Amino acid sequence: MSSGGGETGAGGGGGGSVKTPADFLKSIRGRPVVVKLNSGVDYRGILACLDGYMNIAMEQTEEYVNGQLKNKYGDAFIRGNNVLYISTSKRTVGEGA
């Protein structure tokens with residue numbers, strides 16, 4: 001009597017091949033992302049690279065605290081143990097919030 005749904009897409013968006021987190025991270029390199037830290041601060045910019053420890057290098061980075069733009073950086077490096085999540089950005093870097 002299993003109540004689990006198995007691997008057939010609980011909440012999945014349809015058909016297609018299965019995408020692992022590693023595949024997702026490879027596919028977003030060079031694209032705009034939002035990196036949320038454990039402290040609640042967001043960094044928005046272009047994902048330059050990342051490693052297996054989730055250390056992140058970003059370009060054209062903007063720092064947001066409580067939704068307010070606080071600072072702009074050329075390049076930023078974020079240590080992986082501070083990262084809560086990485087998300088693709090729906091808007092381009094430089095557009096207003």
Side-chain angles (χ1 to χ4, degrees):
M1 294 177 55
S2 172
S3 61
E7 296 181 28
T8 56
S17 61
V18 175
K19 196 171 195 182
T20 66
D23 293 336
F24 168 73
L25 292 172
K26 287 177 192 171
S27 73
I28 63 171
R29 196 171 298 155
R31 293 180 49 198
V33 295
V34 176
V35 177
K36 179 105 170 172
L37 303 188
N38 295 326
S39 65
V41 176
D42 288 353
Y43 288 91
R44 301 176 191 179
I46 307 299
L47 180 65
C49 62
L50 65 130
D51 65 13
Y53 295 101
M54 204 74 110
N55 295 318
I56 298 169
M58 296 175 69
E59 300 170 341
Q60 301 172 34
T61 310
E62 299 174 339
E63 179 182 43
Y64 288 83
V65 179
N66 297 325
Q68 299 283 336
L69 177 63
K70 290 294 179 186
N71 216 334
K72 291 186 179 186
Y73 306 101
D75 294 334
F77 299 93
I78 301 171
R79 186 175 165 151
N81 68 332
N82 296 311
V83 176
L84 183 62
Y85 67 77
I86 301 174
S87 174
T88 55
S89 179
K90 291 187 171 46
R91 65 177 74 109
T92 60
V93 173
E95 287 185 16

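We're numbering straight along the sequence, starting at 1. What you see is a predicted model; the values in this text were computed from it and never measured.
- Residues Lys19 and Ser27 meet the side-chain proximity criterion, which asks for heavy atoms closer than 4.5 Å.
- Using modelled atom types and a 3.5 Å distance limit, the side chains of Tyr73 and Glu63 yield a donor-acceptor pair.
- Other residues, nucleotides and ligands contribute more than 12 heavy atoms inside 6.0 Å of the CG atom of Asn38.
- Applying the side-chain contact (heavy atoms from CB on, under 4.5 Å) criterion to Asp51, with sequence neighbours excluded, gives Tyr53, Asn55.
- If you chain together hydrophobic residues whose side chains sit under 4.5 Å apart, Val34 and Ile56 never meet in one group.
- One distance of note links CE of Met58 with CG of Leu50; it measures 11.0 Å at 0.5 Å rounding.
- Residue Glu59 holds its CD atom at 8.5 Å from SG of Cys49, rounded to the nearest 0.5 Å.
- At a threshold of 4.5 Å between side-chain heavy atoms, the hydrophobic network of Ile, Leu, Val, Met, Phe, Trp and Tyr places Tyr85 and Val33 in two separate groups.
- In this structure, OH on Tyr43 lies 9.0 Å from OG1 on Thr61, to the nearest 0.5 angstrom.
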**Asked** Taking it one step at a time, do Tyr64 and Arg44 satisfy side-chain contact (heavy atoms from CB on, under 4.5 Å)?
**Response** CA-CA 8 Å; Tyr64 288 83; Arg44 301 176 191 179; 3.5 Å; yes
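- Separating the CE atom in Met54 from the CZ atom in Arg79 is a distance of 14.5 Å, to the nearest 0.5 Å.
- Hydrophobic clustering keeps Phe77 apart from Leu25 (ILVMFWY residues linked when any side-chain heavy atoms are closer than 4.5 Å, directly or through intermediates).
- The nearest pair of heavy atoms linking Arg29 to Ala48 is CG-O, 3.3 Å.
- Expressed to the nearest 0.5 Å, how far CG of Asp42 lies from NZ of Lys36 amounts to 4.5 Å.
- Residue Ile86 forms a side-chain contact (heavy atoms from CB on, under 4.5 Å) with just one option from Val83, Thr88, Leu84, and that option is Val83.
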